[in-house]
Amino acid sequence: MSDSEWSVELARELYGLNNYMRQEFIDVDDEGFLVVKVNGYRARLLDLMKKYGLSNAYVRVLPAIRWAMDQVVRAYLEASGEAQYRGRLIPVYPLKVDANPVVVETIWRHGRRYSWGFEVGTLQELKSIEKYLSEETGVLVVDGFKTSEELEALKKHAERGWRVILTIESEREAELAGRFLDSIEVGVRLKPMTRTGSKWSFTMGFASKFGMTLNHLMMMVKDFPFLKKALTTIHVHGGSQITDIKAVARLAHEAVSILEDLRELGFENLNVIDLGGGMAYPYLDLRDGSHESPNYTVRDYFKAVLSAFRKSKRHPDLVFENGRIITSAHRIVVAKVLETREYGPEEYEESLDLDFIERAKDMKELERSLVEFREVLAKMEGKEEWGIRAKHIIETTRARMINSVVSKVMRMVLDNPLELSEVLKYPTLFKIVTSPSKRFIVSYSLFADIPDKTIVNQYFQVVPLTRLNEKPHVLASLSDLTCDSMGEYREYYSYVSRVYDKRQAFTGMDGRLMAVPGVKVKLGGIPLHLPSSGEDYYIAFLDTGAYQDMLAMKHNLIGEPPEIIIDESSEGELRVECLKCESKGYTDMKTAGQA
């Protein structure tokens with residue numbers, strides 16, 4: 001199959017670029033280059049990296065933040081209009097998501113038209129936004145552990161006109177709040193019983209780190225009776241990244257039920273519900289409800305929430321404090337491939353007999369024989385007394401087994417009327433034909449650049465900057481520059497709606513299966529091209545704009561790369577600025593022998 005039979009549209013599907021939260025800004029041009037689009041202008045990411053001579057960088061697309069904020073407000077207005085909902089949207093940005101000054105400045109300036117406020121969880125975060133708190137007024141939601149110093153600072157901001165909602169979670173915090181009732185509102189965070197199934201669902205339930213039970217609240221009111229009048233807000237958080245819309249609806253129903261019951265008990269000023277940051281960002285936009293792919297959009301979220309809230313006699317206002325949906329798309333980690341290596345063993349000389357692979361009449365027989373042979377081979381590899389010749393034979397056998405199975409499966413599919421999905425029935429075959437054959441050494445640090453991959457196994461979409469109009473050559477893992485075995489990325493979710501030729505489903509050089517039409521497939525490696533001699537081949541990690549700046553580690557003292565800021569001028573023209581570009585990134589191309 002020639003590269004001319006590969007298409008850019010197929011690449012868009014394979015690399016997950018048809019994502020509703022970023023397709024306005026990230027695309028592929030006709031020549032196969034990954035581009036950033038802003039107001040009709042296009043910039044090739046490769047050109048930017050070469051212009052500044054960088055081995056890696058963070059590319060920040062600030063219009064993506066503003067666009068996401070617009071989408072949230074528009075979606076709420078549409079959903080509230082359809083539901084005839086009278087409650088207001090109170091948007092606040094949680095500083096914990098990304099307190100980078102460029103990000104906060106963008107949100108503050110654009111958010112003024114929507115009265116977008118802030119959510120802070122520490123005194124340090126509060127101090128970081130003091131210049132904005134002195135400019136105009138808005139809503140400030142305060143979570144986390146409270147101190148007298150923080151309350152004194154909040155009082156000053158409240159006196160300037162800020163609406164401060166202080167969230168209490170204990171008797172100590174209730175006592176503190178009682179001293180400032182003339183200037184602040186009081187909210188309470190309650191532990192929901194709804195299970196949402198997100199990776200952060202452990203933050204819920206009776207053993208949760210956050211909030212209090214309803215029983216605790218009712219007992220606390222006896223000691224602090226002022227709470228019945230002072231409470232205006234209840235927080236009922238379902239954890240971050242709730243990917244099932246039914247779970248969102250259940251949480252909203254529980255929250256409004258609590259609100260109504262508390263009103264009946266005399267908490268007459270309760271009129272605000274904060275559901276936390278549960279709205280899920282589509283790291284993969286297949287709408288299947290998996291951890292990486294929510295089964296709903298921003299508009300669907302508000303429809304589900306307001307459908308529950310509208311049953312309240314007095315429609316409550318909704319605090320929207322999801323920062324992930326606002327900032328995720330804006331930051332792209334771009335890194336250069338420095339070297340390629342074999343991923344596993346290589347063929348050398350003789351091997352054990354592998355004729356059973358060619359003799360297999362179908363996949364079922366091949367799977368059964370392969371399972372038996374791998375058990376024997378594993379026992380042989382465990383022996384300590386083997387000499388170097390025996391080790392040569394074992395390594396060659398494993399390498400030849402993998403290559404022979406890959407070739408056999410491809411021929412079975414191409415030469416027979418078999419569906420590509422047939423291989424999914426056989427786990428051993430599937431694991432081999434979707435395994436990486438190459439290891440790319442890349443100028444990045446998993447710990448500094450995408451730390452959530454280590455912390456919660458967060459999925460990030462990977463895409464090459466070039467050759468997207470060419471069929472990928474191999475499945476590869478991406479090894480970072482740290483001296484840590486965890487510093488490797490190779491998980492990849494593949495989806496294409498259809499192929500016109502079954503050969504399109506296999507990589508061009510190592511013959512790995514990289515797609516099954518209409519099926520979400522988890523690959524053991526990432527579909528990429530082998531860089532030619534002297535080629536500047538870069539890869540991008542998308543959707544890294546939420547939490548990654550804040551959680552970045554300094555493993556092996558690697559971190560803080562250059563940043564390319566992409567924005568639009570006041571005249572609507574593309575504006576590009578490079579910060580810290582004198583460092584050139586984590587790797588000096590000259591000392592790496594690539595100049």
Side-chain angles (χ1 to χ4, degrees), residues 21 72 90-98 119-122 141-145 167-169 187-214 216-217 233-259 272-284 287-298 300-302 304-305 308-309 318-328 451-460 543 545-548 550-551:
M21 283 305 296
V72 165
I90 304 175
V92 295
Y93 176 67
L95 270 296
K96 65 182 179 182
V97 173
D98 196 335
E119 184 270 342
V120 297
T122 65
V141 176
V142 185
D143 296 323
F145 186 82
T167 310
I168 62 171
E169 301 183 54
V188 61
R189 181 161 179 174
L190 300 169
K191 298 177 186 282
M193 294 185 183
T194 300
R195 292 291 183 266
T196 61
S198 81
K199 287 186 177 181
W200 287 267
S201 58
F202 61 86
T203 62
M204 304 171 62
F206 298 140
S208 168
K209 170 184 175 182
F210 302 109
M212 66 178 71
T213 63
L214 279 168
H216 191 160
L217 172 63
T233 305
I234 59 169
H235 294 252
V236 184
H237 295 198
S240 186
Q241 280 294 100
I242 305 173
T243 56
D244 185 2
I245 192 64
K246 292 181 180 178
V248 171
R250 290 196 301 270
L251 183 70
H253 278 287
E254 180 178 1
V256 77
S257 175
I258 292 172
L259 180 83
V272 180
I273 297 178
D274 186 334
L275 292 179
M279 179 191 289
Y281 180 84
Y283 290 94
L284 193 65
R287 316 282 169 90
D288 63 2
S290 59
H291 283 314
E292 59 281 337
S293 179
N295 58 11
Y296 61 89
T297 63
V298 174
D300 296 332
Y301 174 89
F302 284 126
V305 169
F309 283 13
L318 172 64
V319 170
F320 177 83
E321 61 166 85
N322 187 294
R324 191 186 295 268
I325 203 77
I326 301 301
T327 65
S328 288
D452 259 343
K453 179 60 181 174
T454 301
I455 299 170
V456 292
N457 194 30
Q458 179 64 60
Y459 182 77
F460 295 100
D543 307 317
Y547 294 98
Q548 306 318 294
M550 300 294 95
L551 298 174

For Leu251 and Pro192, the nearest pair of non-hydrogen atoms, with its separation, is CD1-CB, 4.0 Å

Between atom CG of Asn322 and atom CE of Met279, what is the distance when rounded to the nearest 0.5 Å? 6.0 Å

Answer yes or no: is there a donor N or O on one side and an acceptor on the other, between the side chain of Tyr283 and the main chain of His291, under 3.5 Å? no

Kindly say whether Ile242 contributes a backbone atom to a donor-acceptor pair with the side chain of Thr196 at under 3.5 angstrom? no

Are the side chains of Pro282 and Ile325 in contact, using a 4.5 Å heavy-atom criterion? yes

Okay, side chain of Glu321, backbone of Glu119: is any donor-acceptor separation there less than 3.5 Å? no

For Thr327 and Asp98, which I'm curious about, is there any donor-acceptor pair between the side chains at under 3.5 Å? no

Which residues satisfy the side chain to side chain contact (heavy atoms under 4.5 Å, CB included) test with Asp244, sequence neighbours excluded? Lys246, Ala247, Asn295

Heavy-atom pair with the smallest gap, counting every atom of Thr167 and Val188: CG2-C, 4.2 Å

Which residue, His253, Arg250, Glu254, forms the side-chain hydrogen bond (donor to acceptor under 3.5 Å, both in side chains) with Thr194? Glu254

Quick check: closest heavy atoms across Met212 and Glu169, and the distance to 0.1 Å? CE-C, 3.3 Å

What distance separates Asp452 CG from Ile455 CD1, expressed to the nearest 0.5 Å? 5.0 Å

Taking all non-hydrogen atoms of both residues, which atom of Asp300 and which atom of Ile245 are closest, and how far apart? O-CD1, 3.7 Å

Got a sec: does the NZ of Lys96 have more than 12 other heavy atoms crowding it under 6.0 Å? no

Is the backbone N or O of Ala546 less than 3.5 Å from a side-chain atom of Gln548, with the two atoms forming a donor-acceptor pair by type? yes

Do Arg324 and Ser240 have side-chain N/O donor and acceptor atoms under 3.5 Å apart? yes

Show the nearest heavy-atom pair for residues Leu95 and Met550, with the distance to one decimal. O-SD, 4.3 Å

Asp543 and Tyr281: side-chain donor and acceptor closer than 3.5 Å? yes

Between atom CZ of Phe206 and atom NZ of Lys191, what is the distance when rounded to the nearest 0.5 Å? 9.0 Å

What orientation do Phe302 and Phe320 show, parallel under 30°, tilted 30 to 60°, or perpendicular over 60°? tilted

Roughly how far apart are Phe309 CZ and Leu275 CG, rounded to 0.5 Å? 4.0 Å

Grab the two heavy atoms, one from Met21 and one from Val298, that are nearest each other, plus how far apart they are. SD-CG2, 4.3 Å

How long is the span from the CG atom in Asp143 to the OG1 atom in Thr122, to the nearest 0.5 Å? 11.0 Å

How many angstroms lie between NE2 in His235 and CD1 in Ile273, if you round to the nearest 0.5 Å? 11.0 Å

